[in-house]
Amino acid sequence: MKAQNNDNLTTYMSTYKFYEQVNKNFDKAAKYTRFDKGLLNQIKVCNTVYHVTFPIEKDDGRIEVIEGWRVEHSHHKMPTKGGIRYSHKVDEDETMALAALMTYKCAIVDVPFGGAKGGIKISTRDYSDRELEKITRRYTFELIKKGFIGPAVDVPAPDYGTGAREMGWILDTYRQINNDINAEACVTGKPIQQGGIQGRKEATGRGVYFGIREACNVKEDMEKLGLSTGVEGKTFVVQGLGNVGFHASKYMTEAGAKLVGVAEIEGAIYDPNGIDLNKLMEYRQDTGSILGFGTSTDLNDSSDIFTVECDILIPAALESQITDENANDIKAKIIAEAANGPTTSHAHDVLKDRGALIIPDSYLNAGGVIVSYFEWLKDIQHVRYGRMNKRFDESSFMKIAREIESISGKKFTDEELKNLTHGAEEYDLVDSGLEETMINAYQQIREIRDEHDLDDLRTAAFISAINKIGIMYEQMGIFP
Ligand code: NAD
């Protein structure tokens with residue numbers, strides 16, 4: 001049985017802010033679709049909202065009450081899917097907004113899940129590892145009790161403040177209580193040894209890079225911005241050097257873009273000559289801060305990162321970072337939304353009026369859920385990608401290579417032969433599936449933007465999602 005069914009739409013709409021921002025974007029796009037108001041409302045509402053409190057015993061013996069949420073936004077496809085966030089800023093509004101974004105994100109990139117999100121209102125630095133494990137396991141137990149987790153029901157993943165370790169604890173707790181042959185598929189983003197998948201950790205950042213690359217390859221769009229095509233040579237800054245921000249920056253720099261600014265909790269740095277990402281990570285590890293790094297200049301405030309000269313701004317920390325207060329100062333021509341909801345809807349309009357290209361979160365950070373989908377498929381199939389075909393492919397490629405050698409008279413070097421006959425391993429397949437999905441989704445969104453003569457990709461992305469979900473509801477009808 002689900003807890004607390006949410007049917008009071010109007011109350012939720014007027015009370016919550018981030019969720020309201022998401023719904024504003026939805027409403028803007030809905031005008032371009034043919035669905036009636038009732039169906040649009042059904043797509044928009046959060047289907048179930050679970051609020052839980054539970055006690056844990058701290059290392060010093062004190063009892064503390066912990067507060068958490070799990071929101072399943074849409075059951076139009078099952079299971080629902082969405083990360084679990086640990087942050088002192090977590091609340092019901094944020095969790096509902098993030099769950100709704102997950103629904104639209106999955107639809108945009110054709111991942112067959114409904115959207116969900118979970119959150120626990122804690123700052124991880126206030127707890128020991130042992131306490132974090134207790135909190136994670138107890139939260140999982142509460143989700144199990146209320147039917148908010150399971151391979152066919154609702155499948156969490158990492159988000160801000162959580163990672164593979166927490167996902168491993170969730171799986172272990174689920175497995176202790178459920179005799180389920182598909183148990184490993186109850187959560188994604190797990191350690192490889194526990195049914196995780198190669199490439200999940202870097203997936204969101206990798207997808208961010210693929211999305212930016214797609215945008216930068218569109219000649220007309222770059223000409224409008226006064227930029228050349230391609231990622232190579234472009235300057236960028238990143239806010240948040242966590243999982244998503246670090247990996248996005250890594251792939252951007254590998255593709256020849258120049259990292260010129262970084263913001264973290266402790267402050268921000270700027271260096272127009274470029275910042276060496278790996279050296280910066282080591283420096284932060286050693287000193288606990290990015291400030292004072294190499295030849296870079298420390299900015300007065302972390303949020304000053306938004307004002308520096310660059311081509312691309314990558315917000316990769318949290319929501320509502322680009323607001324009325326700083327949107328006018330942003331010089332970047334491309335805003336690549338790696339975080340969820342980093343731009344308020346008013347700030348979006350300010351940036352758009354200035355002619356900036358905003359690559360929206362609902363598309364750009366979908367890499368995580370795309371690869372989570374591959375992980376879930378792997379877990380319910382109980383077989384590693386590449387296991388059945390790698391060796392077979394390699395021997396077929398070898399036969400072809402030998403045939404080419406005998407026809408052409410050319411002898412391949414060992415290195416050439418190794419490259420030509422390489423059979424796909426799990427990472428190769430995951431990366432290829434992620435790239436394919438990000439490219440296709442970008443082209444779909446662009447086509448919708450051009451078809452409706454829109455000047456922004458966010459509305460186009462929402463139209464794409466609403467159309468896909470709306471058609472599904474029409475085909476299956478409303479039960480009973
Ligand atoms: P993370 O916890 O690994 O990293 C976030 C980083 O941002 C941390 O290093 C933190 O110190 C920094 N930060 C926080 N507030 C900041 C501020 N005001 N200024 C500068 N830095 C700040 O989290 P993550 O998994 O990288 O998630 C980042 C964003 O990406 C979130 O919005 C999350 O919802 C979104 N996202 C994550 C995934 C994923 O797979 N992890 C998938 C999709 C979307």
Side-chain angles (χ1 to χ4, degrees), residues 18 22 81-90 94-95 97-102 104-106 108-109 111 115-119 122-125 132 156-167 187-190 196-197 199-208 211 237-250 261-269 280-281 284-285 288-291 299 301-306 313-323 326 336-343 360-373 375 434 438:
F18 183 15
V22 175
K81 187 93 189 71
I84 293 180
R85 176 175 286 198
Y86 289 180
S87 158
H88 66 280
K89 289 189 183 142
V90 163
E94 181 188 81
T95 317
L98 291 167
L101 270 176
M102 278 304 292
Y104 308 130
K105 193 180 301 183
C106 289
I108 290 163
V109 294
V111 164
K117 202 79 186 185
I122 51 166
S123 191
T124 49
R125 64 184 80 179
L132 286 172
D159 190 69
Y160 186 95
T162 60
R165 179 184 70 167
E166 286 73 16
M167 302 306 115
V187 62
T188 60
K190 306 176 291 289
I197 196 166
R200 173 60 185 88
K201 189 169 181 217
E202 56 269 52
T204 307
R206 181 98 174 125
V208 168
V237 301
V238 63
Q239 185 203 30
L241 258 195
N243 180 15
V244 179
F246 167 73
H247 286 105
S249 303
K250 174 178 179 288
V262 175
E264 250 299 335
I265 297 254
E266 61 273 16
I269 56 170
L280 176 65
M281 295 302 283
R284 190 173 190 232
Q285 186 84 29
S289 169
I290 58 170
L291 296 174
L299 303 180
D301 190 83
S302 179
S303 61
D304 289 345
I305 196 68
F306 295 123
L313 164 64
I314 307 180
L318 282 171
E319 62 269 14
S320 306
Q321 297 299 303
I322 303 177
T323 62
N326 56 21
E337 294 184 336
N340 280 310
T343 314
D361 53 353
S362 53
Y363 157 73
L364 193 66
N365 68 30
V369 76
I370 294 166
V371 175
S372 276
Y373 169 46
E375 181 177 334
L434 172 61
M438 291 303 291

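In what follows, residues are counted from 1 in the order of the sequence shown. Counting convention: from 1, in listed order, for ligands and their atoms alike.
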Under a 4.0 Å heavy-atom limit, does Ala203 contact ligand 1 with its side chain, its backbone, both, or neither? neither

Look at the side chain of Thr204 and the backbone N and O of Gly368, then say whether any donor-acceptor pair between them is shorter than 3.5 Å. yes

Among protein heavy atoms, which sits nearest to atom 23 (O) of ligand 1, and what does the distance come to when rounded to 0.1 Å? Tyr160 CA, 3.5 Å

How far is atom 16 (C) of ligand 1 from its nearest protein heavy atom, and which residue and atom is that? Ala317 CB, 3.8 Å

Does an N or O anywhere in Gly161 fall below 3.5 Å from an N or O of ligand 1? yes

Please report which non-hydrogen protein atom sits nearest to atom 3 (O) of ligand 1, along with the residue it belongs to and the distance in Å to one decimal place. Asn243 N, 3.0 Å

Close-contact set for ligand 1 against Gly240 heavy atoms, below 4.0 Å: 7 (O), 12 (C), 21 (N)

Test your reading of the structure: does Val244 have an N or O sitting under 3.5 Å from an N or O of ligand 1? yes

Decide, yes or no, whether a salt bridge links Arg284 with Glu266 under the criterion of side-chain N to carboxylate O below 4.0 Å. yes

State plainly whether the residues Lys105 and Asp361 are in salt-bridge range, i.e. N to O under 4.0 Å. no

Closest to atom 17 (C) of ligand 1 among Gln239, Arg125, His247, Glu337 (heavy-atom distance): Gln239

If you measure from each non-hydrogen atom of Ala338 to ligand 1, which part falls under 4.0 Å: side chain, backbone, both or neither? backbone

Looking at every heavy atom in both Ala203 and Leu434, which two are closest together, and how far apart are they? O-CD2, 3.7 Å

Begin from the C-alpha positions of Thr188 and Arg200 and carry the test side-chain hydrogen bond (donor to acceptor under 3.5 Å, both in side chains) through to its verdict. CA-CA 9 Å; Thr188 60; Arg200 173 60 185 88; 4.8 Å; no

What is the minimum heavy-atom distance between Val238 and Ile305, and which atoms define it? O-CG1, 4.3 Å

Within ligand 1, which atoms have a heavy atom of Arg200 less than 4.0 Å away? 40 (O)

Ligand 1 N/O within reach of Leu318 N/O, cut-off under 3.5 Å: no

Which residue and heavy atom of the protein sit nearest atom 8 (C) of ligand 1, plus the separation: Glu264 OE2, 3.4 Å

Looking only at atom types and distance, does a side-chain atom of Thr343 sit under 3.5 Å from a main-chain N or O of Ile322, one as donor and one as acceptor? no

Would you mind checking which non-hydrogen protein atom is closest to atom 4 (O) of ligand 1, with the distance to 0.1 Å? Gly242 CA, 3.1 Å

Would you check whether Lys105 has a nitrogen or oxygen atom less than 3.5 angstrom from a nitrogen or oxygen atom of ligand 1? no

To the nearest 0.1 Å, how far is atom 15 (N) of ligand 1 from its closest protein heavy atom, and which atom is that? Ile265 CD1, 3.7 Å

What part of Thr204 sits under 4.0 Å from ligand 1 if we count only heavy atoms: the side chain, the backbone, both or neither? side chain

Per-atom contacts, ligand 1 versus Ser302 - under 4.0 Å to a heavy atom: 19 (N), 20 (C)

Contact summary for Gln321 and Phe306, nearest pair of heavy atoms: O-CE1, 3.7 Å

If you measure from the Lys or Arg side-chain nitrogens to the Asp or Glu carboxylate oxygens, is any gap between Glu94 and Arg85 under 4.0 Å? yes

Does any N or O atom in Asn340 lie less than 3.5 angstrom from one in ligand 1, N or O only? yes

Among all protein non-hydrogen atoms, which one is nearest to atom 33 (C) of ligand 1, and what is the separation to 0.1 Å? Asp159 OD1, 3.2 Å

Taking all non-hydrogen atoms of both residues into account, name the closest pair between His247 and Gly205 and its distance. CB-CA, 3.9 Å

Within reach of ligand 1, part of Gln321 (heavy-atom separation under 4.0 Å): side chain

N/O separation below 3.5 Å, Arg85 to ligand 1: yes

Atoms of ligand 1 under 4.0 Å from any heavy atom of Ala339, numbered from 1 in the order shown, are 29 (C), 30 (O), 32 (O)

With salt bridge (Lys or Arg N to Asp or Glu O under 4.0 Å) as the test, would you mind laying out the steps for Glu375 and Lys190 before giving the verdict? CA-CA 9 Å; Glu375 181 177 334; Lys190 306 176 291 289; 2.7 Å; yes

Under 4.0 Å from one or more heavy atoms of Ala263, ligand 1 contributes atoms 20 (C), 21 (N)

Side chain of Ser320, backbone of Pro342: donor and acceptor closer than 3.5 Å? no

With a 4.5 Å heavy-atom cut-off, do Asp159 and Asn340 have their side chains touching? yes

Closest protein heavy atom (residue, atom, distance) for atom 43 (C) of ligand 1: Asn365 O, 3.5 Å

Minimum heavy-atom separation for Pro158 to Gly163, with atom names? CB-CA, 3.9 Å

